[in-house]
Amino acid sequence: MSVAWIGSQPVPLTDAIRNAAKLLASCRCPVFTLDTDVHGTRSTIALATMLGGACDHAKGQVLANEVALFTNHGGMFTTPGEARRRSSLIILVGEIPPLHHDLLQAWAASQPDLGDKHSRRWFHIASDETSSSHGKLLRQLKAKPLRGEGLSLEATLALLRARLQGRPALSSLSNIDSFEKALATAQFPVFVFSGSSVETAGLVMLQGLIADLNRKGRTSSVFLPADDDAWGSALASLWMTGFPLRTGFINSLPSYDPVQWDVQRMIDAKEADLHVWVSGRSGQIPPKGEKIALISLSRTEVPTAGAAVTIAVGQAGVDHDGVAYSSRIGTFRAVQAVTPSHLPSVSKVIGQLAGALPGRREFAC
Amino acid sequence: MKALTFSLLALPDERLDLSCLTPAALAGLTDVQIAKLRIGTSRNPALVGDVFRITGKDVNNIVFEGGSSRFDKVGAGLSAGSVRVMGDVGNQAGRRLSGGTLYVDGSAGTHAGSGMINGRLEIKGNAGDYLGGPLAGEITGMEGGLLIVRGKAADYAGDRLRRGTIAIFKGCGDYAGYRMIAGTIVITGRTGAMAGYLMKRGSLLLDRPPENLSPTFMPCGEPDIAFSRLFDRFLMDEKIMDKPLLGPKPGRYGGDTAVSGKGEVLFRQQHR
């Protein structure tokens with residue numbers, strides 16, 4: 001089975017690498033969209049550094065929203081394990097992505113064994129609209145809603161913060177008395193949120209609320225990323241360059257700017273002239289209709305439509321071993337291949353690409 | 001002496017960092033030296049001479065003939081003199097401007113006037129998100145000066161404004177005055193949702209009653225205060241407006257009570 005194509009023609013991997021390296025060497029402004037494991041992320045960033053390109057994640061907008069909380073404000077965070085063992089009061093903020101529902105259900109099935117050891121109570125800070133999948137989770141958790149009529153999530157958070165400080169506000173929230181009572185007895189309330197469910201402004205308000213509560217007792221939050229791999233890539237970028245993703249390399253020096261280095265914006269504005277799409281995830285393809293040259297490193301059995309060069313790559317944890325971020329433990333973990341295959345890893349292909357570039361340059365990975 | 005003029009030869013392929021083209025940075029440089037300054041941000045960065053034709057001698061008076069949304073950091077760090085752009089500019093125009101005047105004849109991108117300390121920035125067209133706001137990792141936004149937008153501003157105008165005045169003439173997007181610490185924002189036209197969200201102190205002055213405020217803003221009646229007349233006079237003296245904005249007894253909301261509640265939204269009553 002073929003793993004490399006030039007246009008739609010199957011070719012040996014070495015030919016595809018040579019062709020892709022030629023494109024990389026001759027372009028003016030290469031941009032990289034990635035969605036891969038830690039090793040793949042590190043290789044891609046190292047290649048972008050060599051070539052003076054820009055890096056972004058395939059879910060760049062949601063990731064930028066999550067990162068903005070950390071770059072623009074900060075907050076108080078705890079690990080999921082600490083929350084499970086110590087917290088008898090969990091407050092969900094907005095809609096939590098389905099990939100974390102198992103984790104929350106596991107918490108619901110257990111009881112805290114440290115701290116106040118009461119059975120766990122659940123509340124949910126919500127706007128007026130809730131999706132059906134999230135509604136089902138809330139029913140399973142028996143979460144009481146904290147919501148105001150016609151209010152957005154951001155307004156609800158503001159209202160809750162004002163109310164908990166005894167300040168006036170124009171509206172009220174459902175179940176607020178019951179929540180205040182629960183808050184008074186709980187030793188370690190924990191707010192659980194995701195970057196995809198609340199705007200950054202709402203997240204800042206939430207962290208302010210948590211800071212207020214910490215004047216009288218202990219309160220924290222658990223951040224569950226909208227996508228574990230995306231958050232892992234942001235952390236890998238952080239330790240390599242000092243900045244999260246949406247980082248560009250002018251003169252090989254990193255610069256973080258979530259507006260300037262938004263890769264999709266750069267492609268749409270024709271600021272970039274070569275797009276390198278790096279995704280080990282099945283079924284992920286680059287957005288259609290791009291009018292610049294494309295090199296596609298995808299988990300695919302067919303050439304990517306519109307790509308000058310396509311190279312099939314494996315997925316960490318499926319085709320080969322790897323390291324990935326796990327929000328369940330709040331850090332990185334090793335993942336073993338479930339069905340090892342002949343597909344090369346992203347880092348191996350990127351390493352070959354770097355080696356095929358003309359001139360001797362350092363590939364820092 | 002004729003103004004130092006940069007005439008655009010052709011639209012650039014890449015984004016340009018024009019922070020090096022200010023009076024202080026160009027003082028003492030010859031035309032040849034200026035033409036060799038690097039302004040491109042791609043692998044093969046453009047030089048000033050590749051993009052502009054340079055004429056004139058007066059470095060305290062700089063003119064860009066032609067603009068582009070790829071002109072980033074125009075007038076960044078300007079401390080004296082004047083810079084005028086006959087067209088659009090990109091992101092971070094007038095960043096950390098501490099004196100002098102920057103005039104943009106077209107529209108500006110995001111973070112115009114970011115971290116301004118003093119001086120005057122005037123944009124004839126529209127402005128992007130985070131007008132006067134801080135960049136990632138910074139504590140405060142605009143810290144002084146006067147920022148005027150004759151068109152519309154997008155979301156988060158005046159984010160973390162600490163001192164100075166921002167005036168927007170054709171309305172703005174959501175979260176105007178977001179996280180304001182102090183200072184004044186004047187808005188005529190429609191204001192988007194959640195104006196003043198997380199506002200600690202400072203004043204948002206509107207020409208009409210606000211819509212979609214956070215419920216943590218409390219109505220405070222129509223106080224008869226000297227401030228509104230005083231500020232109306234300031235706006236007209238500075239030629240920012242040609243008629244009073246608030247009138248004698250403006251309506252008032254206090255907030256954001258989720259934070260300290262010491263900010264205010266003053267607005268012109270519709271019946272006056």
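Chain identifiers are assigned alphabetically (A, B, ...) following the order of the sequence lines, protein sequences preceding nucleic acid strands; residue numbering begins at 1 within each chain.
Only the side chain of A:Asp257 has a heavy atom closer than 4.5 Å to any heavy atom of chain B. If you measure heavy-atom distances from A:Leu209 to chain B, you find no contacts under 4.5 Å at all. In this structure, chain A has a heavy atom under 4.5 Å from the side chain of B:Tyr156, while its backbone stays farther away. Both the backbone and the side chain of A:Glu154 come within contact range of chain B, each with at least one heavy atom under 4.5 Å from a heavy atom of that chain. Neither the backbone nor the side chain of A:Thr156 comes within less than 4.5 Å of any heavy atom in chain B. Neither the backbone nor the side chain of A:Phe249 comes within contact range of chain B; no heavy atoms are under 4.5 Å apart.
Looking at every heavy atom in both residues, B:Ala136 comes nearest to A:Tyr256 through CB-CE2, 3.7 Å. Closest approach of B:Phe217 to A:Leu170, counting heavy atoms only: O-CD1, 3.3 Å. The minimum heavy-atom distance between B:Asp13 and A:Arg28, with the atom names listed, is O-NH1, 3.5 Å.
To the nearest 0.5 angstrom, B:Arg179 atom CZ is 5.5 Å from A:Asn72 atom CG. The distance from the CD atom of A:Gln260 to the NZ atom of B:Lys73 is 7.0 Å, given to the nearest 0.5 Å. Atom-to-atom distance recorded for A:Leu51:CG and B:Ser42:OG is 12.5 Å, nearest 0.5 angstrom. A distance of 10.5 Å separates CG in A:Asp273 from CD in B:Glu14, rounded to the nearest 0.5 Å. Put simply, CG on A:Leu24 and CZ on B:Arg43 are 7.5 Å apart, with the number rounded to the nearest 0.5 Å.
The main-chain N or O of B:Ala258 is found under 3.5 Å from a side-chain atom of A:Arg161 such that the two form a donor-acceptor pair.
A:Ala64 pairs by the side-chain contact (heavy atoms from CB on, under 4.5 Å) definition with A:Arg246, not counting sequence neighbours. For B:Arg208, there are no salt bridge (charged side-chain N to carboxylate O under 4.0 Å, His left out) partners two or more places apart in sequence or in a different chain.
Heavy atoms from other residues, nucleotides or ligands lying under 6.0 Å from CZ of B:Arg190 number 12 at most.
Counting only heavy atoms from C-beta outward, the side chains of B:Tyr197 and A:Val204 never approach each other to under 4.5 Å. Proximity of A:Arg163 to B:Thr216: side-chain heavy atoms (C-beta onward) are nowhere separated by under 4.5 Å.
Put simply, of B:Asn91, B:Thr257, B:Asp159, B:Leu135, the one with the most heavy-atom pairs under 4.5 Å next to chain A is B:Thr257. Between chain A and the residues B:Asn212, B:Ile139, B:Asp129, B:Thr41, the largest count of heavy-atom pairs under 4.5 Å involves B:Thr41. When each of A:Ala155, A:Gly208, A:Ala201 is checked for heavy-atom pairs under 4.5 Å with chain B, A:Ala201 comes out on top. When each of A:Ser255, A:Gly52, A:Ala169 is scored by its heavy-atom pairs under 4.5 Å with chain B, the top score falls to A:Ala169.
B:Arg15 has a carboxylate O that lies under 4.0 Å from a charged side-chain N of A:Glu271, or vice versa, which qualifies the two as a salt bridge.
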